[in-house]
Amino acid sequence: MRILVVEDDIQLAEILTEALTDRQYVVDVAEDGERAWDWANTLEYDLIVLDLTLPKLDGVSFCHRLRRHNATLPILMLTARDTVADKIIGLDAGADDYVVKPFDLQELMARVRALLRRGSISTNPGLIWGDLRLDSSTFEATYNDVPLSLTPKEFAILELMMSSGRRVLSRSNIIERVWSLEDPPTEETVKTHIKTLRHKLKVAGSPDNFIQTVHGLGYRLKQP
């Protein structure tokens, strides 16, 4: 899952990025509202963590603009303003939740998980595709009840493919959804991850073509 953190406090942005990355989320950071707007219209995000006070485009205006363009992804607003009136302004602008700084990091992570569960059925912690099962809450994966030892990126790729059903994912699609803007790999890296995933699945008993290559287009999972 991909999260956009919009925060001009560099130290706080780094703390949030580290905490979210440790929980296997892909995180991009924008330091002003205009850059966040550009990225929100370029990439597909599952959640936005948004500071209220931002340069160029403030958080309330950003929310208004997103909702006017029919964006339905959940927005968690962060602010040092703790009056009831300020909270109402943020929620009325389109935010789904409102957290006052300073905040407890564990509570914030719980709110992130709650919004992700609410925001999309694809964030269901239990994903099943035939004999393959993934639990996003524990980062455990099994094939035919045989545990799979996956790296975080391998888990994320498999989670993305399962959530996408039979839709073909190109290597660039996978890069956009699994890697942050700061460390995009080459398409050859994606190819290597797919090869390793196929090997691990085959050892657990999957057919050779469980991850199918659609030549010239990308990858998808075999119909269960």
Verify the ring-centre separation between W179 and H193: is it less than 6.0 angstrom? yes
Determine whether the side chains of T213 and R198 contain a donor N or O and an acceptor N or O closer than 3.5 Å. yes
Same cluster for V5 and V26 if Ile/Leu/Val/Met/Phe/Trp/Tyr side chains link at under 4.5 Å? no
Would you tell me whether T186 and T189 have side-chain atoms, one donor and one acceptor, within less than 3.5 Å of each other? yes
Polar side-chain atom of D28 near backbone of L181 as donor-acceptor pair, under 3.5 Å: yes
Taking E34 first and then R65, would you say they form a salt bridge - that is, a charged N and a carboxylate O separated by under 4.0 Å? yes
Between D58 and S61, a side-chain donor and acceptor under 3.5 Å: yes
Group every Ile, Leu, Val, Met, Phe, Trp and Tyr by side-chain heavy-atom contacts under 4.5 Å, then state whether V29 and F103 land in the same group. yes
Output for pair (I211 CD1, I194 CD1), nearest 0.5 Å, gives 5.0 Å
Are L169 and L201 linked, directly or through intermediate hydrophobic residues, by side-chain heavy-atom contacts shorter than 4.5 Å (ILVMFWY only)? yes
Heavy-atom pair of closest approach, residues L105 and I15: CD2-CG2, 4.3 Å
Measure the spacing between CZ of R220 and OG of S164 and express it to the nearest 0.5 Å. 12.5 Å
Looking at E7 and K101, is any side-chain nitrogen of the basic one under 4.0 Å from a carboxylate oxygen of the acidic one? yes
Which residue in the set R166, K222, Q223 passes side-chain hydrogen bond (donor to acceptor under 3.5 Å, both in side chains) when paired with Q212? R166
Checking R177 side chain against E44 main chain: does a donor-acceptor pair fall under 3.5 Å? yes
Is it the case that the side chains of Y143 and R133 hold a donor-acceptor pair, with the cut-off being a distance below 3.5 Å and no angle test? no
